[in-house]
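Shown next, in structure tokens, is the structure this report addresses.
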2 protein chains.
Amino acid sequence: MRNPKSKSTVSTTTWALFLTTHAVLLEKIEATLKVAELPPLEWYDVLWALERAPQHRLRMHELAHSVVLSRSNLTRLVDRLEAAGLVERQSAADDKRGAYGVLTSAGLAMREKMWPAYRDCIVDLFNQHLSKDEQGIMNGALRRILDAARDSADEGI
Amino acid sequence: MRNPKSKSTVSTTTWALFLTTHAVLLEKIEATLKVAELPPLEWYDVLWALERAPQHRLRMHELAHSVVLSRSNLTRLVDRLEAAGLVERQSAADDKRGAYGVLTSAGLAMREKMWPAYRDCIVDLFNQHLSKDEQGIMNGALRRILDAARDSADEGI
DNA sequence: GGAAATTAGTTGCGTTTGCAACTATTCTTG
DNA sequence: CAAGAATAGTTGCAAACGCAACTAATTTCC
């Protein structure tokens with residue numbers, strides 16, 4: 001029982017590496033963005049999700065799902081983005097409960113401004129170390145894991 | 001410029017899947033632990049790091065590095081673990097600035113109690129969807145990424 | 001051998017998170 | 001078509017985090 005692996009022989013090496021790599025890389029990326037005086041990564045995620053969406057807008061719950069955040073956290077993240085002028089709220093015409101998060105032109109500009117710094121991080125820390133084959137294999141494997149975790153049938157990444 | 005990929009042709013699919021998979025899986029695992037009335041995952045990480053360490057103890061900064069946490073956050077995480085009786089602080093004899101975090105027997109028991117629930121999560125959400133080959137390839141790739149990010153030359157995972 | 005720089009760990013403070021409760025609207029179905 | 005259930009989004013509050021400042025001990029090196 002000293003070593004978890006001994007019990008029913010499950011190897012957790014990949015999982016442990018997955019977690020640690022994520023933690024280390026995220027820490028580095030956030031630090032880089034901070035030095036460049038750019039907003040945190042989650043802002044990028046929201047801006048990019050909106051940029052890809054039809055009419056540059058998504059309902060709050062869609063946005064929350066898209067960036068994998070709880071509703072309440074997304075509410076407040078959008079508060080901050082709205083305060084910064086990067087996103088606007090628009091009430092939904094067809095559902096009076098609902099609201100859209102809408103990308104502003106300043107939000108689009110910020111997404112584009114953040115991208116080079118972010119892309120360089122991804123390349124330097126991640127892509128650079130992966131062969132095309134490895135990328136293909138990881139895409140397949142992660143896709144499968146993600147779809148299973150989300151009970152399949154979800155749209156984009 | 002609409003699509004980041006178009007610029008200097010860097011494919012960020014793997015990275016995006018990596019991030020999203022991490023977020024979704026962590027959310028599920030934390031929820032499972034909570035339902036089982038078990039402490040959060042980071043407690044497990046600390047307990048397990050100490051359990052593997054010689055004499056079940058590590059200096060605070062080693063522990064911080066081992067679980068990829070800032071010093072100040074580790075200080076307070078250990079505060080909580082100490083309050084729960086799972087870890088003790090011990091001042092270092094050879095360096096009067098220093099302190100050890102030491103696993104208590106209650107801490108060891110808790111680690112063992114958490115493991116089955118955690119292991120089941122890992123298997124169900126992660127391992128189950130990976131072939132041995134895929135695991136091997138991911139291990140190699142992640143190891144390489146992690147070592148590079150940490151300027152190589154770091155011990156255990 | 002002693003001033004300056006470095007390292008270990010903690011703490012204060014403002015920000016962000018997580019959870020549960022809450023309002024308001026829409027859907028269900030008897 | 002009305003009562004109850006479900007869904008959308010926000011908010012209050014306590015816990016946790018990130019950063020910079022702080023104390024204390026150790027190392028460097030002139």
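Since the model is a prediction, treat every value here as computed from it, not as a measurement. In what follows, every chain begins at residue 1, and chains take the letters A, B, ... in the order their sequences are listed.
- If you take NZ of A:Lys96 and P of D:dT10, they are 18 Å apart, rounded to a whole angstrom.
- Under 4.0 angstrom from either OP1 or OP2 of C:dA8 there lies no side-chain N or O belonging to B:Arg89.
- In this structure, A:Arg76 reaches the bases: a heavy-atom distance under 4.0 Å links it to at least one base atom across the strands shown.
- Between B:Leu77 and B:Arg80 there is a side-chain heavy-atom pair separated by less than 4.5 Å.
- The side chain of B:Met60 sits closest to C:dG9 out of C:dT25, C:dT11, C:dG9.
- At a cut-off of 3.5 angstrom, the base of C:dC19 holds no donor-acceptor pair with the side chain of A:Ser70.
- No donor-acceptor distance shorter than 3.5 angstrom exists from the side chain of A:His56 to the backbone of A:Gly101, with no hydrogens or angles considered.
- Rounded to an integer number of Å, the gap from NZ of A:Lys34 to P of D:dC17 is 16 Å.
- For B:Arg59 and D:dT26, the CZ to C1' distance is 11 Å, given to the nearest whole Å.
- A donor and an acceptor atom, one from each side chain of B:Arg111 and B:Tyr44, are located under 3.5 Å apart.
- Using the six-membered ring where Trp is involved, A:Phe126 and B:Phe18 have ring planes that are tilted, between 30° and 60° apart.
- Annotation: side chain of A:Asp79 is in contact with side chain of A:Arg76 (closest heavy-atom distance under 4.5 Å).
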Protein-nucleotides 5-7 of chain D N/O pairs closer than 3.5 Å?
{"unit_1": "D:dT7", "atom_1": "O2", "unit_2": "A:Arg97", "atom_2": "NH1", "d": "2.5"}

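- In this structure, A:His65 places its NE2 atom 14 Å from P of D:dG9, rounding to the nearest Å.
- As judged by a 4.0 angstrom heavy-atom cut-off over every strand, A:Asp79 is placed among residues making no nucleic acid contact.
- Nearest-nucleotide assignment on DNA chain C puts the 5′-proximal partner with B:Asp95, out of A:Ala93 and B:Asp95.
- Looking at the side chain of B:Thr75, the nearest of the listed nucleotides C:dG9, D:dA8, C:dT16 is C:dG9.
- Comparing atom distances between the B:His61 side chain and each of C:dG9, C:dT11, C:dT17 picks out C:dG9 as nearest.
- At the heavy-atom level, B:Glu42 lies under 4.0 Å from the strands shown only through sugar-phosphate atoms.
- C:dA8 atom P lies 9 Å from atom CD of B:Glu62, rounded to whole Å.
- Under the 4.5 Å side-chain contact rule for hydrophobic residues, A:Val24 and B:Val67 share a cluster.
- Under the 30°/60° scheme for interplanar angles, the aromatic rings of A:Trp115 and A:Tyr118 are found to stand perpendicular.
- When rounded to the nearest whole Å, the span between CD of A:Glu30 and P of D:dC17 equals 15 Å.
- Atom CD of A:Gln90 and atom C1' of D:dG9 are 16 Å apart (whole Å).
- Here the C1' atom of nucleotide C:dC27 and the CG atom of A:Asp94 are 14 Å apart, to the nearest Å.
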